[in-house]
Amino acid sequence: MLWDPVYALVKKIPRGKVLTYGAVAKATRLPGGARAAGRAMAAAPRGRAIPWHRVVGAGGKLLIREPYASLQKKLLATEGAKLIESRVDLKTCAWLPPATRSTKQKSLAKRKTSSRARKNFR
DNA sequence: CATCTGACGACCG
DNA sequence: GCGGTCGCCAGAT
């Protein structure tokens, strides 16, 4: 997958820890920044080996909407992450990713994950 | 080809 | 602390 670097990083997130989209984007040097990270996660194969629920918005906010929002909270809680309403306590759950440096410039790919279609699908 | 819309983030009031 | 704006990029309409 084109988002390999992102997934690889996310997979490394320890249980009970979380990363922000911005952190991911920065660590992988995704062109487009945080949003690119967001798209990457949206395109990620959920329910797989990718702990997407460990990726949250700036400040630990849970940006995902239903029905995943509740699922994410549940999963995080199960892992022992400190949850405060709709956000994670970055103070204790933030994870410092290893500096992934390698020139990975990829054209943000074409993933037919149409949020619209998805919405429809849902 | 023109617009809109996102699993975003930094800023400002 | 919350909500609105703008910048960003790609894909869908």
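Chain letters run A, B, ... following the sequence lines, proteins first and then strands; every chain starts at 1.
Look at A:Arg54 and A:Glu79 and you find a salt bridge, because one of the NZ, NE, NH1 or NH2 atoms lies within 4.0 Å of a carboxylate O, short of that distance.
How far NZ of A:Lys26 is from CG of A:Leu19: 11.5 Å, rounded to the nearest 0.5 Å. Note that CG of A:Leu71 and CG of A:Leu76 are 9.0 Å apart. Values are rounded to the nearest 0.5 Å. Within the model, atoms CH2 of A:Trp52 and CD1 of A:Ile64 stand 5.0 Å from one another, a figure rounded to the nearest 0.5 Å.
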For side-chain contact (heavy atoms from CB on, under 4.5 Å), just list the numbers for A:Lys61 and A:Thr20, CA-CA rounded to whole Å, side-chain angles, deciding distance to a tenth of an Å, and then say yes or no. CA-CA 9 Å; A:Lys61 293 182 193 169; A:Thr20 65; over 6 Å; no

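Looking at residues two or more places apart in sequence or on another chain, you find no side-chain hydrogen bond (donor to acceptor under 3.5 Å, both in side chains) involving A:Ser86.
In plain terms, the two heavy atoms of A:Lys17 and A:Trp95 that are nearest each other are CB-CB, 3.7 Å. Between A:Leu62 and A:Val88 the shortest heavy-atom distance is CD2-CG2, 3.9 Å.
Distance CG (A:Leu71) to C1' (B:dA7): 13 Å, rounded to an integer number of Å. Atom pair A:Leu30:CG and C:dA10:C1' shows a separation of 13 Å (rounding to whole Å applied). When rounded to the nearest whole Å, the span between NZ of A:Lys73 and P of B:dA7 equals 18 Å. The distance between atom CZ of A:Arg39 and atom P of C:dG7, rounded to the nearest whole Å, is 18 Å.
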Indicate for each nucleotide in nucleotides 8-13 of chain B, in 5' to 3' sequence, whether protein heavy atoms under 4.0 Å reach the base (B), only the sugar-phosphate (S), or nothing (-). BSS---

Name the pairs: protein N/O against N/O of nucleotides 1-4 of chain C, kept only if under 3.5 Å.
residue	atom	partner	partner atom	Å
C:dC2	OP2	A:Arg87	NH2	3.3

